[in-house]
Amino acid sequence: MPFTAHLDELRTRLIRCVLAVAVAFVGCFAAAEQIFSLLAAPLRALQAPGMVLIGTAVAEAFLTKLKISLVAAVAVALPVLLWQAWQFVAPGLYAHEKAYARSFVAAGSLFFLAGATFCYAVVLRYGLGFLLHRYEAIRVRPMIHTADYLALVARLVLAFGIMFQLPVAAYFLARVGLIDHRFLTRYFGYGLIGIAALAAVLTPPDLISQVLLMVPLTVLYGVSIAVAYFAGRPRENEER
């Protein structure tokens, strides 16, 4: 295909992704109050003395509802997004490599859900607990801004969901021959630096939250090395 045809194909895939998110947004907007309660549950479960969620703008409640719906819509539409991404690169793959499409979508969705669940059940619980109890130590009543809290939660949940795609990406990249376990092992030190920088950007400025993000990412990098090793063995045998 010429370059302009690739651009047309990319535009088509992006339009389909936007439509999928838009359809999911309608459903998520209708359930925004329930989603908000779910996201606020880890904070309310801490029962910090005097803690309260506050809003400081007239339109903040409505804008918060829109933001929640958009983040939830991206998560709900993820299988479609992964499928469109695979279909965009599929023409450049061999026939046996194209057969991985359904596995890629299923594994990517499963690992995203695992990452989001880990963030919700572990990172938010212990990270928020550490941060909020610092208020108690200095005898200050915490008044948490709703928009700031939801922005933090959405950023962390999406970050963990995306980062948990590392083993999936390693498997399929190793199967098509773009990387192998030796490549990942060779750049392990650079990977740790990148993980530390990413954790510093995505988490609040406290050590606990950064460690809670760095540890699973480092483990996932190690898992990716093992996955790339086993995924690349059939290809090496075929080449021999």
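Cluster membership check: I195 does not share its hydrophobic cluster with I193, using side-chain heavy-atom separations under 4.5 Å among Ile, Leu, Val, Met, Phe, Trp and Tyr. Both L70 and F29 belong to a common hydrophobic cluster when Ile, Leu, Val, Met, Phe, Trp and Tyr are linked at side-chain heavy-atom distances under 4.5 angstrom. Hydrophobic cluster membership differs between F62 and V58, with clusters built from Ile, Leu, Val, Met, Phe, Trp and Tyr side chains linked at under 4.5 angstrom. With hydrophobic clusters built from ILVMFWY side chains whose heavy atoms lie under 4.5 angstrom apart, I35 shares a cluster with L156.
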Please determine whether side-chain contact (heavy atoms from CB on, under 4.5 Å) holds for the pair L53 and R44, giving the CA-CA distance in whole Å, both sets of side-chain angles, and the decisive distance to 0.1 Å.
CA-CA 9 Å; L53 277 171; R44 290 169 173 164; 4.1 Å; yes
Would V168 and F172 satisfy side-chain contact (heavy atoms from CB on, under 4.5 Å), going step by step from the backbone distance to the final call?
CA-CA 6 Å; V168 180; F172 289 101; 3.6 Å; yes
Please test D148 against L152 for side-chain contact (heavy atoms from CB on, under 4.5 Å), starting from the C-alpha separation and ending with a verdict.
CA-CA 6 Å; D148 292 341; L152 172 64; over 6 Å; no
Let's go through T146 and E60 carefully: what are the C-alpha distance in whole Å and the side-chain angles of both, what is the deciding distance for side-chain contact (heavy atoms from CB on, under 4.5 Å) to 0.1 Å, and is it a yes or a no?
CA-CA 9 Å; T146 304; E60 184 173 342; 3.9 Å; yes
For residues 11-28, which side-chain donor-acceptor pairs fall under 3.5 Å, sequence neighbours excluded?
{"residue": "T12", "atom": "OG1", "partner": "D8", "partner atom": "O", "Å": "3.0"}
{"residue": "R13", "atom": "NE", "partner": "E9", "partner atom": "OE2", "Å": "2.8"}
{"residue": "R13", "atom": "NH1", "partner": "Q84", "partner atom": "OE1", "Å": "2.9"}
{"residue": "R13", "atom": "NH2", "partner": "E9", "partner atom": "OE2", "Å": "2.9"}

Show every donor-acceptor pair shorter than 3.5 Å between a side-chain atom in residues 109-117 and any protein atom, with sequence neighbours excluded, or say none if there are none.
{"residue": "S109", "atom": "OG", "partner": "V105", "partner atom": "O", "Å": "2.9"}
{"residue": "T117", "atom": "OG1", "partner": "L113", "partner atom": "O", "Å": "2.7"}

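Because its NZ or CZ atom is not both nearer than 6.0 Å to the ring centre of F36 and within 45° of the ring axis, K65 does not count as a cation-pi partner of that residue.
Across every non-hydrogen atom of P167 and V227, the tightest pair is O-CG1, 3.6 Å. Nearest heavy-atom pair across L184 and Y221 is O-OH, 2.8 Å. Shortest non-hydrogen contact noted between Q165 and G108 is NE2-O, 2.8 Å.
At least one side-chain heavy atom of Y120 sits less than 4.5 Å from a side-chain heavy atom of L38. Side-chain contact between L217 and F160 is absent, with no heavy-atom pair separated by less than 4.5 Å. Counting only heavy atoms from C-beta outward, the side chains of H145 and T56 approach each other to under 4.5 Å. Under the 4.5 Å side-chain criterion, counting only non-hydrogen atoms from C-beta, S224 is not in contact with Y171. Annotation: side chain of I144 is in contact with side chain of L43 (closest heavy-atom distance under 4.5 Å).
Of the inter-residue distances, the one linking F183 atom CZ with L173 atom CG reads 9.5 Å to the nearest 0.5 angstrom. Annotation: the span from I54 atom CD1 to M143 atom CE amounts to 4.5 Å, rounded to 0.5 Å. From I68, atom CD1 reaches atom CG of L39 across 6.0 Å, with rounding to the nearest 0.5 Å. Between L220 atom CG and L166 atom CG the span is 6.0 Å, to the nearest 0.5 Å.
The aromatic rings of F118 and F164 sit tilted relative to each other, their planes meeting at an angle between 30° and 60°.
In this structure a side-chain-to-backbone donor-acceptor pair under 3.5 Å is missing from S69 to A32. Not a single donor-acceptor pair under 3.5 Å links the side chain of Y187 to the backbone N or O of R182.
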